[in-house]
Q: 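Okay, handing you the structure first.
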Amino acid sequence: MNRFWEKVKTKNILVIVLVIFIGIQFYRPEIKQKPITGEIHVPSDVRAILQRSCFDCHSNQTELKWFDQVAPAYWLVADHIKKGKEGLNFSEWDQLAPPAQNAKLWEAFNQINLKAMPLKSYELLHPEAKLSENDIRILKNYVTSLAPKQKPDTAKVSAYNKQLQQINTIHTAAPKPSVPTALNGISYIPDYKNWKPISSTERLDNGTMRIIFGNDIAVKATKEHKTNPWPDGTIFAKVAWEQIIDSDGNVTAGAFKQVEYMIKDSKKFASTKGWGWARFLSPKLEPYGKTADFANECISCHRPMKDNDFVFTSPINH
Amino acid sequence: MKNLIVYLLLCLFTVSCGSKKEYEPVNENASLPASFDFNAMNLKVVTSSINHKKQTMMTLYGNDSAIDELKDHPENNNHKERILALITWSQKEDPYWYGAKIPNHLLSVEIVKSKEPFSENSEILYQKYEGKELRKANADGRDRIRTILSMKPSIMP
């Protein structure tokens with residue numbers, strides 16, 4: 001008697017699973033087919049790599065395999081493509097200004113170089129997308145060729161002098177009534193100037209130089225080697241300036257470009273990896289981001305450091 | 001044969017462990033010795049610079065009165081002590097961002113002090129500390145004082 005019921009049960013379960021499996025095939029979130037409006041123009045060897053390894057999720061030329069079409073894999077693929085195109089789309093490349101295009105390519109290269117891209121789950125089912133050492137070298141040479149050549153430039157000097165004048169007028173004018181606030185609610189923190197620097201960087205990819213400031217909690221955590229994860233209350237401010245170079249190869253800080261913050265609060269900012277993210281541009285401190293979820297861009301760039309609490313900087317004790 | 005398999009497995013294990021990225025919780029080579037107690041001087045960032053020929057990067061720190069004087073703010077002209085400190089590091093490629101360079105080894109700390117405004121005082125004190133341990137060095141600072149005092153504060157809105 002028991003055996004009989006067991007048989008029935010097994011059969012029923014199989015039937016139920018099959019019915020569900022067929023059923024879920026009818027739920028198909030649309031992968032929008034959009035036209036190629038302004039494609040990226042790169043040397044043919046670079047293009048071949050991008051097409052093979054990136055285009056499925058980062059262009060309007062998605063080529064799905066038969067197994068990508070089967071739910072629930074299809075749902076995952078559809079989601080990857082949607083998010084992928086939001087961050088980087090080689091078919092709508094002309095929508096970005098040339099400096100933004102360069103920044104995207106350098107970021108893409110670094111994501112690949114740090115093995116964060118292509119996504120491991122994608123690579124597993126699409127082994128042809130995996131980049132060889134040679135592919136990586138081709139991309140590296142290409143992005144290197146895009147780096148701005150640093151040479152004495154009077155335009156940079158005058159941009160710096162103009163900012164200096166502006167700052168001095170703001171300095172003497174009445175204090176501003178409100179603090180600039182980004183769309184995610186994070187405000188500019190003027191006090192960063194009084195914090196300690198924890199490191200600095202020279203960026204050859206975009207011709208800037210940076211100082212990363214840390215508040216007292218960050219400095220204490222560095223002293224105690226408690227940096228992974230960083231404690232709640234940690235704040236970093238990364239300030240970027242243009243490079244001004246003289247004929248002897250001395251580089252000094254030119255025009256102020258931006259200040260970026262990472263504010264650690266594992267509860268408040270749980271939905272954005274435990275950090276609050278914001279960027280304020282130019283001495284006018286214009287908040288970056290067109291929508292409240294602009295922090296997705298910050299996170300995707302910092303994702304290769306996910307095992308290091310999303311922080312690139314290795315801090316220096318003073 | 002068995003030994004060979006064990007050996008190969010061990011090799012594979014070591015290789016796979018070795019390829020895992022190790023993060024540096026602190027950039028030790030670039031850090032100052034705790035005994036130097038740099039932060040006790042309570043200085044703020046003035047500016048930073050890079051020397052492409054020497055492949056070095058520098059950060060200049062100062063107290064408020066020194067920063068005001070470098071900014072040419074005559075309204076803040078006071079007669080408090082001025083302190084400036086310049087830290088120099090060698091550079092290395094950032095292991096986590098191709099296209100970036102970060103501090104590698106600590107090379108020196110130079111300190112410039114004056115009881116009076118730099119502009120009025122001929123007695124400007126210059127001290128230089130070198131190497132990872134920041135040993136005091138005997139150095140004639142005349143040129144260095146001139147260079148350090150000519151550095152312009154960075155724009156920080």
Side-chain angles (χ1 to χ4, degrees), chain A residues 106 109-110 113-114 140 143-144 147 150 160 163-164 167 170 190 192-194 196-197 199-206 209-211 213 219 222-223 225-228 239 241 243 245 248-256 259 280 282-285 304-305 307-308 312-318, chain B residues 19-34 36-55 57-59 61 67 71-73 75 85 87 89 91 93-103 106 109 147 151-157:
Chain A
W106 276 92
F109 174 73
N110 272 299
N113 199 29
L114 293 167
K140 189 175 191 173
V143 292
T144 307
Q150 292 298 347
Y160 165 76
Q163 268 198 4
L164 208 59
I167 290 283
I170 296 171
Y192 74 89
K193 301 182 269 288
N194 302 319
K196 304 274 180 261
S199 194
S200 50
T201 45
E202 175 185 10
R203 288 285 293 268
L204 312 157
D205 48 346
N206 55 27
M209 53 199 289
R210 294 148 187 245
I211 289 183
F213 293 83
V219 171
T222 304
K223 197 148 259 175
H225 283 61
K226 286 177 184 156
T227 59
N228 194 8
V239 187
W241 298 272
Q243 294 180 22
I245 188 164
D248 284 334
N250 289 308
V251 183
T252 54
F256 167 89
V259 53
F280 300 90
S282 88
K284 287 181 191 141
L285 301 167
M305 304 308 285
D307 296 331
N308 197 38
F312 281 99
T313 307
S314 174
I316 296 170
N317 270 316
H318 281 67
Chain B
S19 68
K20 207 180 166 198
K21 276 234 182 265
E22 285 295 329
Y23 298 105
E24 257 194 305
V26 169
N27 185 343
E28 295 290 358
N29 287 339
S31 289
L32 280 65
F36 195 80
D37 212 3
F38 185 88
N39 280 345
M41 285 193 283
N42 214 9
L43 305 178
K44 294 175 186 171
V45 169
V46 182
T47 188
S48 53
S49 76
I50 299 157
N51 187 312
H52 279 166
K53 276 187 190 157
K54 293 183 188 159
Q55 296 276 302
M57 48 206 311
M58 290 148 272
T59 302
Y61 308 72
I67 295 173
K71 274 185 183 165
D72 279 330
H73 281 171
E75 71 274 15
I87 305 186
W89 292 274
Q91 281 186 306
E93 296 219 355
D94 187 337
Y96 306 118
W97 193 268
Y98 175 66
K101 285 185 179 177
I102 56 170
L106 173 66
V109 174
T147 306
M151 293 175 82
K152 302 250 183 329
S154 294
I155 295 173
M156 286 186 258

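Sequence lines set the chain letters: A, B, ... in the order given, protein chains first and strands last, and positions in each chain run from 1. Predicted model, so just to flag it, every value in this text is computed and none were measured. The analysis underlying the following values was restricted to heavy atoms, covering all of them including side chains, and did not include hydrogens, waters or symmetry mates.
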Q: A:F109 versus chain B, heavy atoms under 4.5 Å apart: side chain, backbone, both or neither?
A: side chain
Q: Side chain from CB out, backbone as N, CA, C, O: work out which of these in B:P33 comes under 4.5 Å of a heavy atom of chain A, or both, or neither.
A: neither
Q: Go through the side-chain N and O atoms of A:K196 and B:N42 and say whether any donor and acceptor fall under 3.5 Å apart.
A: yes
Q: Taking atom CE of A:M305 and atom OH of B:Y23, what is their separation to the nearest 0.5 Å?
A: 5.0 Å
Q: Could you tell me which of A:N250, A:N228, A:T252 has the largest number of non-hydrogen atom pairs under 4.5 Å with chain B?
A: A:N250
Q: Testing the basics here: between A:K193 and B:M156, what is the closest heavy-atom pair and its distance to 0.1 Å?
A: CD-O, 3.4 Å
Q: Could you tell me which portion of A:K226 (side chain, backbone, both or neither) has an atom closer than 4.5 angstrom to a non-hydrogen atom of chain B?
A: neither
Q: Rounded at 0.5 Å granularity, tell me how far CZ in A:R203 sits from CG in B:D94.
A: 8.5 Å
Q: Classify the ring geometry of B:F38 against A:H318: parallel below 30°, tilted from 30° to 60°, perpendicular beyond 60°.
A: tilted
Q: What's the shortest heavy-atom distance between A:S199 and B:P103, and which atoms?
A: OG-CD, 3.7 Å
Q: Go through A:I245, A:I211, A:V259 and name the one with the most non-hydrogen pairs under 4.5 angstrom from chain B.
A: A:I211
Q: If you tally heavy-atom pairs under 4.5 Å against chain A, which of B:N51, B:N27, B:L32, B:V45 wins?
A: B:N27
Q: Under 4.5 Å from any heavy atom of chain B, what part of A:S314 do you find: side chain, backbone, both or neither?
A: both
Q: Which of these, A:T144, A:D205, A:N113, sits in a side-chain hydrogen bond (donor to acceptor under 3.5 Å, both in side chains) with B:Y98?
A: A:T144
Q: Given a strict heavy-atom distance threshold of 4.5 Å, which part of B:I87 is in contact with chain A: side chain, backbone, both, or neither?
A: side chain
Q: So, taking the atom named CG in A:N110 and the one named OH in B:Y96, what distance separates them when rounded to the nearest 0.5 Å?
A: 13.0 Å
Q: Can you check side chain to side chain contact (heavy atoms under 4.5 Å, CB included) on A:I316 and B:S31, steps first, answer last?
A: CA-CA 5 Å; A:I316 296 170; B:S31 289; 3.9 Å; yes
Q: Does any backbone or side-chain atom of A:P304 lie under 4.5 Å from a heavy atom of chain B? Answer side chain, backbone, both or neither.
A: backbone
Q: Do you know the tightest heavy-atom contact between A:P197 and B:Y61?
A: CG-CE2, 3.4 Å
Q: At their closest point, which heavy atom of B:S48 faces which heavy atom of A:W241, and how far apart are they?
A: OG-CZ3, 4.4 Å
Q: May I ask you to name which of B:L106, B:T47, B:V26 has the most heavy-atom pairs under 4.5 Å with chain A?
A: B:V26
Q: Decide yes or no on side chain to side chain contact (heavy atoms under 4.5 Å, CB included) for A:E202 and B:H52, but give the supporting numbers first.
A: CA-CA 11 Å; A:E202 175 185 10; B:H52 279 166; 2.7 Å; yes
Q: Chain A heavy atoms under 4.5 Å from B:M57: which part of the residue, side chain, backbone, both or neither?
A: side chain
Q: Would you say that more than 12 heavy atoms from the other residues, nucleotides or ligands in this model lie under 6.0 Å from the CD of B:E93, or not?
A: no
Q: Using modelled atom types and a 3.5 Å cut-off, is there a donor and acceptor pairing between side-chain atoms of A:T201 and backbone atoms of B:A100?
A: no
Q: When rounded to the nearest 0.5 angstrom, what distance separates CG in A:L204 from NZ in B:K101?
A: 5.5 Å
Q: If we define contacts as heavy-atom pairs under 4.5 Å, which of A:V219, A:N194, A:N206 has the most with chain B?
A: A:N194
Q: Minimum heavy-atom separation for A:Y160 to B:P153, with atom names?
A: OH-O, 3.8 Å
